[in-house]
**Q** 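Structure below; questions to follow.
Sequence lines set the chain letters: A, B, ... in the order given, protein chains first and strands last, and positions in each chain run from 1. Note that this is a predicted model, so its numbers are computed, not measured.
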Amino acid sequence: MAESYDVQEVEARWQAFWRDHGTYDVDNDDPRPHYYVLCMYPYPSGAAHMGHVRNYTFGDLIVRHRTMTGHAVLSPMGFDSFGLPAENAAIKTGRHPREFTDERIDELTSSIMRIGAVYDWRRRVTSHDPAYIRWNQWIFTRFLAAGLAYRKEAPVNWCPGCQTVLANEQVLADGTCERSGDVVTKRDLEQWFFNTTRYAQELLDAIDDLEWPERVKVMQRNWIGRSEGAEFTMAVVDESGTPHADGHSLTVFTTRPDTSFGMTYAVLAPEHPLALAITTEERRDEVEAFIDQARNTSEIDRMSSEGSLDKRGVFTGAYCLNPFTGRPVPLYLADYVLLGYGTGAIMAVPAEDQRDWDFAAVHGLSIVRTIQPPDGWEGEAFTGDGPHINSEWLDGLDKPAAIAKAIAWLEAEGIGHGTVNYRLRDWLVSRQRFWGCPIPVVYCDTCGVVPVPDDQLPVLAPDDVEFLPTGESPLRQHAGFLHTTCPTCAGPATRETDTMDTFVDSSWYFLRFCDPTNAELPFAPEAAAAWMPVDQYIGGVEHAILHLLYARFYTKALADLGVAPAELREPFSRLFTQGMIRLGGDKMSKSKGNLVAPEEILDTDGADALRLAHLFVGPPQDDVDWEGVGIEGCARFLQRVWRLGTGQVGTVVDRTETDADIAVVRAVHRLIAKVSDDFDRWSYNTAVAACMELVNELYRYAQSDDGARTETIAFAVDTLTLLLAPMAPHLTAELWFRRHDGAHVHEQAWPVADPAMVAQDTVTMVVQVNGKVRDRLEVPADIDAAGAEALALGSAKVQANLDGRSPRKVISRPPNLVNIVA
RNA sequence: GCCCGGGUGGCGUAACCGGUAGCCGCAGGGGGCUUAAACCCCCCGGACCGCAAGGUCGUGUGGGUUCGAGUCCCACCCCGGGCACCA
């Protein structure tokens with residue numbers, strides 16, 4: 001009878017059972033209410049690390065819990081299998097990235113299975129699967145036809161380490177590559193872009209209704225960066241106000257048109273197309289040198305002037321006419337103005353903008369205040385509100401009124417208008433890489449850019465390529481791939497050799513999961529409608545901006561193209577971002593060499609203990625220091641549950657129900673309510689604690705002199721097993737199987753608490769005198785205020801404390817508290 | 001600099017609506033079982049004073065609101081994260 005729990009044997013057996021029986025396979029036409037749980041699909045980097053374990057523990061808990069509450073739960077898994085590490089490994093070893101990647105996928109798959117996480121593996125999607133590539137490319141051609149994909153030459157971020165172009169988002173604030181850490185420089189290339197900015201406003205507006213962590217929503221709003229203002233055009237002139245010989249003019253964007261009378265100079269970005277055209281002969285050498293320097297300076301150096309007064313810029317010799325004052329102001333080039341934002345040109349108002357103030361101070365430019373700063377103002381630029389001054393017809397107005405009036409004036413004059421700008425840029429998707437999804441277009445001398453027709457998809461990269469650390473994809477060196485015929489005119493043509501950013505792959509994989517084998521379409525709209533949007537998405541906060549924003553963009557674009565259901569505007573209704581795993585304060589990562597391998601724990605304490613430890617250590621959204629993870633306590637707890645469940649604890653007797661038995665039944669009902677509520681609010685640590693508390697109580701109960709009543713202990717243990725089933729699936733599966741003649745715990749209904757049993761009939765009432773606890777009394781739960789007050793005043797301890805003083809006031813909050821003020 | 005989080009025992013944490021601060025676990029201590037150890041079972045652990053009953057203090061710091069504040073308000077300190085010339 002005293003059989004010990006063989007962790008390894010039991011866990012392996014149940015994992016095989018779930019896999020072989022497809023226990024968590026689910027069909028689209030399942031009649032139960034649908035629920036879609038998704039963990040961000042991983043890059044296959046080999047065996048799972050603790051971050052994976054944490055992620056999939058949460059996901060698996062929800063899958064199992066929701067199944068027990070009667071839902072048809074879609075829980076798919078796949079692999080984000082294109083990307084740099086595999087290609088870098090190929091360059092190093094000469095092995096094809098596919099071999100490398102497939103091995104890693106197998107490794108990761110088996111370690112995911114070892115933590116007991118269950119999926120509908122029939123739906124597996126991998127980015128590098130030709131079937132997925134085909135639809136990825138198909139969508140690209142639809143984007144192209146809709147004008148959502150376009151090509152343009154642009155100065156792009158170039159990482160010398162990765163030998164590729166990076167999106168702005170992949171360049172860190174200090175100007176280095178987020179992956180390799182190399183300093184990023186600029187290059188001009190013809191690149192493919194997706195028109196994300198077309199959806200800027202909708203992407204911004206829809207954030208409000210998402211059940212996402214507030215900080216993620218804030219990050220997305222900041223990233224989109226809407227700002228309202230005005231654009232207006234100014235004539236380029238010389239010092240005396242005479243128009244430029246070529247009639248040039250420049251357009252600026254400002255959020256503060258109300259301060260236009262204070263514009264004392266204007267600035268173009270160094271890369272601005274007009275920069276050289278308007279530069280005077282005598283300034284040409286200096287300006288050219290400046291432009292050259294700006295282009296070759298990395299972002300890191302360009303930002304190095306931050307915080308200092310060293311605003312780098314150069315005078316062009318040209319002027320422009322401030323339309324508000326009618327006077328010419330000098331025109332500068334400066335690297336604090338960015339070509340990619342607004343119009344790449346600004347009006348500079350040093351009195352009301354600190355950056356302009358700094359620049360003006362360095363270059364000796366004049367400063368004219370147009371808003372009266374408050375009395376005693378000792379700062380420099382004043383960006384607050386106040387009455388306008390030195391501004392003719394804006395004088396005396398406050399900021400909102402002056403902005404409105406200035407915009408109205410610009411529109412009346414026909415030189416400008418109110419407008420909105422977004423910080424969000426179009427998404428640069430071209431990568432000069434081999435191990436990615438080829439961009440499906442060919443270039444024909446007669447037909448131009450031609451999308452590869454549907455019946456010729458997928459365009460697959462050839463296998464016989466050489467992996468060399470050049471700046472270009474190995475595809476460019478492969479004549480058989482590069483040279484092709486035009487699908488339109490059958491003439492000679494060349495293929496696009498760039499591949500897509502891997503964020504493209506992850507922007508719609510959750511849709512493919514709904515219909516993973518569809519050979520006619522990326523997915524049928526009805527299949528997407530059956531599951532989407534994802535009810536619960538779970539992943540790391542590191543994807544708070546890019547992946548989530550791109551996936552949102554894709555969903556909207558596909559809905560508008562009729563590929564996805566038109567009403568599907570957002571992919572992820574609820575998002576949960578889990579905390580990072582640290583070790584001794586450091587981020588746990590391969591590069592820091594401080595990994596704790598899950599495998600070691602799986603080999604000893606097992607998956608249930610590891611899962612429970614992740615759940616118990618603290619709130620799921622908080623970072624976790626592995627040193628604080630009490631794996632032993634969790635393993636010990638599971639052993640206690642096992643002994644309880646296999647009848648090894650205390651004595652069990654047949655008898656009619658006693659008060660002690662009823663107390664246990666009540667405790668069990670309270671636990672059902674507690675765990676159910678905790679699950680709903682992602683408070684797994686307290687759910688585990690509550691289960692431990694009940695186990696402690698059951699031990700005392702069963703080991704007491706009176707022993708445990710047969711029916712009571714059976715009810716308690718069975719309920720506990722059900723409640724633990726989503727958290728510790730192996731042990732509970734085994735216990736239920738043994739206790740219930742081969743039945744399966746995960747097929748049982750989630751228990752429901754009886755409200756009558758949850759309610760307490762007596763509670764401990766605290767009696768305070770002047771806010772300090774002086775006594776505790778057991779009182780009926782339904783006691784009224786007067787009764788509570790009478791009991792409190794009758795307490796000997798209270799009377800001793802009052803020491804003859806008469807109460808001035810009594811606050812009675814039955815049944816929990818009475819406070820006597822004396 | 002701006003925007004979010006967060007500071008509670010030796011440690012990870014709990015206290016969900018302003019009402020018993022410290023549930024649960026780790027580490028520690030005591031006892032039982034054992035020839036012995038491990039495992040296991042029971043009990044005790046915020047600080048200080050006290051033989052005890054009991055008392056005083058205590059949730060980063062300083063104020064405030066309230067009968068009552070870990071919880072609300074103001075100011076500040078510290079830690080973590082995000083953004084950072086976006087005009």
**Q** Tell me what A/Arg226 touches on the nucleic acid: a base, only sugar-phosphate, or nothing, going by heavy atoms under 4.0 Å.
**A**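 No contact.
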
**Q** Can you identify which nucleotide, out of B/C67, B/A87, B/C24, has its nearest atom closest to the A/Thr255 side chain?
**A** B/A87

**Q** Can you list everything that forms a ring pair (Phe, Tyr, Trp, His ring centres under 6.0 Å) with A/Trp682? Sequence neighbours excluded, please.
**A** A/Phe58, A/Phe576, A/Tyr684

**Q** Under 3.5 Å, side-chain donor or acceptor atoms of residues 775-785 of chain A against the rest of the protein: list the pairs with distances, not counting sequence neighbours.
**A**
from	atom 1	to	atom 2	distance (Å)
A/Asp775	OD2	A/Ser795	OG	2.7
A/Glu778	OE1	A/Thr762	OG1	3.1
A/Glu778	OE2	A/Thr764	OG1	2.7
A/Asp784	OD1	A/Gly787	N	2.7

**Q** Contact class for A/Ser227 (heavy atom, under 4.0 Å): base, sugar-phosphate, or nothing?
**A**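 It contacts sugar-phosphate atoms only.
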
**Q** Under the salt bridge (Lys or Arg N to Asp or Glu O under 4.0 Å) rule, collect the residues that match up with A/Asp623, sequence neighbours excluded.
**A**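 Expected list: A/Arg582.
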
**Q** Can you list everything that forms a side chain to side chain donor-acceptor pair (under 3.5 Å) with A/Gln768? Sequence neighbours excluded, please.
**A** none

**Q** Could I get a table of every N or O pair under 3.5 Å where one atom is in the protein and the other is in nucleotides 3-10 of chain B?
**A**
none

**Q** Any protein N or O atoms within reach of nucleotides 39-46 of chain B? Criterion: under 3.5 Å, listing atom names and distances.
**A**
from	atom 1	to	atom 2	distance (Å)
B/C40	O3'	A/Arg643	NH2	3.1
B/C41	OP1	A/Arg640	NH1	2.7
B/C41	OP1	A/Arg643	NH2	3.1
B/C41	O3'	A/Gln703	OE1	3.3

**Q** Can you sort out the partners of A/His547 under side chain to side chain donor-acceptor pair (under 3.5 Å), two or more places apart, ordered by chain and number?
**A** A/Tyr537

**Q** I'd like the P distance from B/A15 over to B/U8, given in whole Å.
**A**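 My reading of the P atoms in B/U8 and B/A15 gives 15 Å.
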
**Q** Any protein N or O atoms within reach of nucleotides 20-22 of chain B? Criterion: under 3.5 Å, listing atom names and distances.
**A**
from	atom 1	to	atom 2	distance (Å)
B/U20	O2	A/Arg776	NH1	2.2

**Q** Could you give the CH2-to-P distance, from A/Trp212 to B/G82, as a whole number of Å?
**A** 18 Å

**Q** Please classify B/G9 as syn or anti, treating any glycosidic angle within 90° of 0 as syn.
**A**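 Syn for B/G9; the angle stays within 90° of 0.
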
**Q** Would you indicate what A/Gly633 reaches in the nucleic acid, counting non-hydrogen atoms under 4.0 angstrom: base, sugar-phosphate, or nothing?
**A** sugar-phosphate

**Q** Output the pairing pattern of RNA chain B as a dot-bracket string, 5' first, Watson-Crick or G-U wobble with both distances under 3.5 Å, | for cross-strand pairs, [ ] for crossing pairs.
**A** (((((((..(((......[....))).(((((.......))))).((((....))))..(((((..]....))))))))))))....

**Q** Take atom CG of A/Asp353 and atom P of B/G1, then tell me their distance rounded to the nearest Å.
**A** 18 Å

**Q** Does anything in residues 811-822 of chain A form a side-chain hydrogen bond (donor to acceptor under 3.5 Å, both in side chains)? List the pairs, not counting sequence neighbours.
**A**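 Non-adjacent pairs meeting side-chain hydrogen bond (donor to acceptor under 3.5 Å, both in side chains): zero.
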
**Q** Can you pull out every side-chain hydrogen bond (donor to acceptor under 3.5 Å, both in side chains) where at least one residue sits in residues 210-220 of chain A? Sequence neighbours excluded, please.
**A**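 Sorted pair list: A/Glu211-A/Arg574, A/Gln220-A/Arg552.
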
**Q** What nitrogen or oxygen pairs link the protein and nucleotides 30-32 of chain B at under 3.5 Å?
**A**
none

**Q** Determine the contact category for A/Lys772: base if any of its heavy atoms lies under 4.0 Å from a base atom, sugar-phosphate if only primed atoms, P, OP1 or OP2 are that close, otherwise nothing.
**A** sugar-phosphate

**Q** Just the rounded figure in Å: distance from P of B/C24 to CG of A/Leu638.
**A**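 The answer, rounded to whole Å, is 18 Å.
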
